[in-house]
Structures are given as C-alpha cells and as structure tokens.
Undergrad: 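Attaching a single structure in structure tokens format; questions to follow.
Whatever order the structure lists ligands and atoms in, that order sets their numbers, starting from 1.
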Amino acid sequence: MIKKCLFPAAGYGTRFLPATKAMPKEMLPILTKPLIQYGVEEAKDAGCDIMAIVTGRGKRAIEDHFDISYELEYQIKGTSKEDLLNQIRELVDSCTFTYTRQKQMKGLGDAIYKGRALIGDSSAFAVILADDLCINPEGDNVLKQMVKVYERYRCSIVAIMEVDKRDTNRYGIISAKEIEKDIYRVTDMVEKPEISKAPSNLAIIGRYILTPDIFEIIKDTKPGKNGEVQITDALLKQAKEGRVVAYKFSGLRFDCGNVDGFVEATNYLYNNNIS
Ligand code: G1P
C-alpha cells in the first residue's frame, strides 16, 4: 500500500565533524551497517520497494552503497566473507533507488518537497529520517506499525514519543486528543517550541506517512523556525482539517544525530546482538 519511502539525506552532520567532513553522516556505521541502511531495511520490511533519497553535495557514497560492487564481490567470492555482502546485495536487488539533490539547506520541509519528482502526487508515502534509528525487538518495526495505522485512518501519520519536558525544544511538539490507545488526532503542532510554550511533551520523531497533497502545502509554507521550511508547519495545515494522526509507537528510538544517542544505539545493538 505504501510503496515509496523518502529519505532526506542532505544535512551536513556537523555534530560529527571531523568524521563527516568527507563522508555523509548517513554512512556512519552502527556496528557494521551504515545508518541509512537500517532505515532502508525498515522501509523494505514495511512494504516499500522504492527508496527516494534526497542527497546533496558530497553524498555519493550513499549511491555507491546501494549499488553492486563488482570488484569487491569478485575478490571475496568463495571466501568466508562472501556472506557479508550477500545481505546488502539482496537489499539492493529488491528495491529501486532514486536520487535527487537538495542544492541548498532550506529545511526538512524543503528537502521533502525536493523529493516530489521522485515520489509523484498519486499516493501516500513514507518518510524516514535515518538519524533516528528505531528498533522494535518485540514485533513489527516502527514504519510497519504506522502503515497499519494509515490503512485505518487514511491521512498523514506522525510517530511520536513522550520526551522530558526540558527536551521539547528539540522536536516538533503536538497537541492532540487520544482517540484510541496510542493513537491521537492532532489539533496543533509547533516546531521546537520554547520549553515554557510547549503544548505537551509528545514529540514527533523521524517517521512520517504523508498524503501527497502535502507537496502543494509545502510549496505555500513560509520559512519558520530557524528560517527554514518546516514539515511541522505544513502538517499543521492538514492537522487543522483533522487530517493528521499521531501514533505512539512500540519500540526504541535512538537519536543518532548526536554523539550520545549514537553511542547508545551502538551499545544497545552490540549488547543485544542485533545488526
Ligand atoms: C526534525 C523535525 C522535528 C522532529 C525531528 C525528529 O528536526 O523538524 O519536528 O521532531 O526531526 O528527529 P531535526 O532533528 O532534523 O532538527
């Protein structure tokens, strides 16, 4: 049902300098897998087979990663290492990867808009922010859970979690009415509010399902917080019409956009033998 997943991947990753000077932050590995591969695997497992990646300058390693590496495959064929490449080869063969570039950093809303040419206007699509690594050891992955919610509500879906009130200024924060267990109808949302003005402690994390009318809305959305076009502001327009549902997902989310979260994710996956 949701076949396409958009990955905004144009950001600089300044929190990881100097590691990200010449390497895309999406290629930083958690154990042996680059961050973006976790996202692509999640999307595939949730039913997507078209991965639309919005990149920027200096991000070519992402394209090479989701391609065949003939030399490498030739070199390790028949050795004990062959298996290591088989998994990614299978992933690469089973999905179509499309790319476009966001030439200037103008915000997440703008990055998503840049993906319009890859996604089209005909159906709802998923968005994964690869920085947010989500794991659900006990069942469906987070995007798959959201697809199930989408199938029932047929409107835009945002994944949310409760955060410490002091951290509300790091997220899009929603106001909402719980309509059933873990499912909310969003009435208001604000991007990175001042802590004293946060309407709740329900924070949006980097998983979205968006209905395609969002593109026309983004087009008309003025730059907001930090002078950037925010997806939160565009979604607010849909929310005002009762067309955004928030879903409190089951599982864990690691903020791999900062060093602490990155190390936490690494330790968790290592200690639990997940990769
Ligand atoms: C983005 C969104 C924000 C959301 C967050 C989740 O912010 O703008 O609404 O809460 O992702 O990770 P960023 O972390 O890219 O600044």
Undergrad: Apply side chain to side chain donor-acceptor pair (under 3.5 Å) to Arg166 and list each qualifying residue two or more places apart in sequence or on a separate chain.
TA: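 If we apply the side chain to side chain donor-acceptor pair (under 3.5 Å) test to Arg166, skipping adjacent residues, the hits are Asp164.
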Undergrad: Flag this pair as yes if the NZ/CZ of Lys3 is under 6.0 angstrom from the six-membered ring centre of Phe125 and inside a 45 degree cone about the axis; otherwise no.
TA: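 Negative - Lys3 is either too far from the ring of Phe125 or too far off its axis.
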Undergrad: Kindly write out the residues that satisfy ring pair (Phe, Tyr, Trp, His ring centres under 6.0 Å) with Phe97, not counting sequence neighbours, or none if the list is empty.
TA: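 Partners of Phe97 under the ring pair (Phe, Tyr, Trp, His ring centres under 6.0 Å) test: Phe66.
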Undergrad: So which residues, sorted by chain and number, lie with a heavy atom under 4.0 Å of ligand 1?
TA: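 The answer is Leu108, Leu129, Asp132, Tyr171, Gly172, Glu191, Lys192, Ile204, Ile205, Gly206, Tyr208, Gln230, Thr232, Arg253, counting any residue whose heavy atom sits under 4.0 Å from ligand 1.
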Undergrad: Is it the case that Asp213 and Gln238 place a side-chain donor and acceptor less than 3.5 Å from each other?
TA: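 There is such a pair (donor and acceptor under 3.5 Å, judged by atom type) between the side chains of Asp213 and Gln238.
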Undergrad: My understanding is that a hydrophobic cluster links ILVMFWY residues whose side chain heavy atoms are under 4.5 Å apart, including indirect links. Using that, what else belongs to the cluster containing Tyr70?
TA: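 Tyr70 shares its hydrophobic cluster with Ile68.
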Undergrad: Yes or no on side chain to side chain donor-acceptor pair (under 3.5 Å) for Glu63 and Tyr99, after CA distance, side-chain angles and deciding distance?
TA: CA-CA 8 Å; Glu63 292 177 43; Tyr99 299 89; 5.8 Å; no
